[in-house]
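Indexing begins at 1, ligand by ligand and atom by atom, following the structure's order.
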Amino acid sequence: MRIAATSPRPSEEVEAPFLWEQHCSLPLSSEARIGDLARYPAGAFVSVNIGYSPQSSADSMALLRRLRADAQADSRFRLVRTIEDIGSAESIAVAFDLEDAGPLGGDLDNVARFYELGVRSLQPTYNHANAAGGGCLDAVDTGLTAYGRALVDRLNEVGMFADGSHCSRRTGLELAERARVPMIYSHSNFATLWDHPRNITDEQARACAAAGGVIGINGVGIFLGCNAADERHERIVAMARHIEYGAELVGIEHIGIGSDYSFDAEDFNTELRRNPAAFSEAYTRWGPLCWVSPEDLVGDGDVPGLPEVLVARGFRPADLAAVFGENFRRVARRVWRARPTVRGGCGS
Ligand SMILES: [Zn+2]
């Protein structure tokens, strides 16, 4: 479909659609507070990161168990078991994701163990090559390994999203080729609009869409091309431009939201500065990272939010509903079907 870029701004109030947030981050430590997620609107679905390359299986499993217990004890949240748990009540539906295969500890049976505890999405690699494949910051793009292909097969079998964000370009393409059910990019913007190694090529986007998947657009300043602290409105507009570009490139039914909002901004920015081997100047040259906030994502703040900006650019209510929630919901309905049988706990 084509979206008119010059439609007049509507006079009526823009109603925020159901939100499916495919990726955000709490601190990966005892500092994580599930209550922070209450900044998302009632009824939303939120996927929370519980680990990437530095975390062991035990680290991620311990954090996951604690966050689950905290969510169960707080009536504002409910844990996602099936797709039916999402969008049907006032509470916020919570699932989890892993940003690297490292926390599996090399044991593919851990995919099912994490699934049992609510993990519904996993990236084979985070920025740099590992046993599964290549990362987006690597100088040489090595693609999926034999272990990576076996991992994709297991993710498909168990019913967890295979997620190409942070992977190398070749790894992302091979993931789309290998997957028997739709793969996703949980939080990736377009390199054609902003040339950054974390952003995906048009070829990757087309391959994801051809496999039936969805690309979640993020609100990270350095991946949007406007990261200054005073560029709050510009970031929302840039996010809208990536959504619009994706809709024109691969069809609006393949675009979603994965804002990558970091509730641990200070810790993460400190980690970036202290660890140049893991985060090159591609991450640090623009200063501390800034994000589009949960409030600005739904238009709950004191500036025009993303829905209002999109409506001003010609998006209709049905377009907003598709991008903000229904596209990821449709793909999850296909991918999350399987019910694994788990023997023993993680590491047992
Ligand atoms: Zn990420």
Side-chain angles (χ1 to χ4, degrees), residues 20-29 32 36-37 46-55 59-60 63-64 95-104 114 119-130 132-138 155 160-169 171-172 175 183-191 194 196-200 204-205 208 213-225 227 235 239 242 256-272 275 278-280 282-284 286 288-294 297 328:
W20 182 295
E21 162 72 288
Q22 186 51 49
H23 184 70
C24 70
S25 297
L26 293 172
L28 293 166
S29 70
D36 287 350
L37 301 180
V46 179
S47 180
V48 185
N49 176 231
I50 50 137
Y52 68 117
S53 38
Q55 276 73 45
D59 293 338
S60 289
L63 177 61
L64 180 55
F96 303 91
D97 59 75
L98 283 166
E99 285 204 275
D100 190 271
L104 297 178
F114 277 110
V119 176
R120 291 291 179 274
S121 184
L122 183 145
Q123 296 165 199
T125 65
Y126 184 92
N127 291 354
H128 294 288
N130 62 12
C136 65
L137 298 186
D138 291 333
L155 293 170
M160 194 183 286
F161 282 143
D163 176 4
S165 289
H166 290 273
C167 290
S168 70
R169 289 168 176 180
T171 299
L175 206 161
M183 55 84 67
I184 66 166
Y185 286 95
S186 63
H187 58 302
S188 288
N189 297 342
F190 295 103
W194 177 243
H196 189 285
R198 254 291 276 121
N199 291 349
I200 61 172
Q204 284 175 279
C208 174
V214 171
I215 301 149
I217 302 303
N218 69 56
V220 188
I222 63 168
F223 307 143
L224 290 166
N227 188 63
R235 267 188 292 283
M239 209 176 161
H242 280 264
I257 304 285
S259 83
D260 200 14
Y261 186 73
S262 180
F263 290 90
D264 61 340
E266 213 168 299
D267 285 356
F268 189 61
N269 278 315
T270 303
E271 172 71 11
L272 292 184
N275 200 348
F279 297 99
S280 69
Y283 269 77
T284 52
W286 294 280
L289 268 59
C290 292
W291 289 262
V292 172
S293 69
L297 208 56
F328 267 127

Between Phe114 and Leu122, does a side chain to side chain contact (heavy atoms under 4.5 Å, CB included) hold up when you go through it step by step? CA-CA 10 Å; Phe114 277 110; Leu122 183 145; over 6 Å; no
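- Looking only at distances, a side-chain donor or acceptor of Ser165 sits under 3.5 Å from a matching main-chain atom of His187.
- One N or O on the side chain of Thr171 and one on the backbone of Gly134 form a donor-acceptor pair closer than 3.5 Å.
- The Zn ion (ligand 1) lies at 2.8 Å or more from every N, O or S atom belonging to His23.
- With a cut-off of 2.8 Å, the Zn ion (ligand 1) has an N, O or S atom of Glu99 in range.
- Draw a line from the Zn ion (ligand 1) to NE2 of His187 and another to NE2 of His166, and the angle between them is 100° (to 10°).
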Test side chain to side chain donor-acceptor pair (under 3.5 Å) on His23 and Asp97; report intermediate values, then the result. CA-CA 8 Å; His23 184 70; Asp97 59 75; 3.0 Å; yes
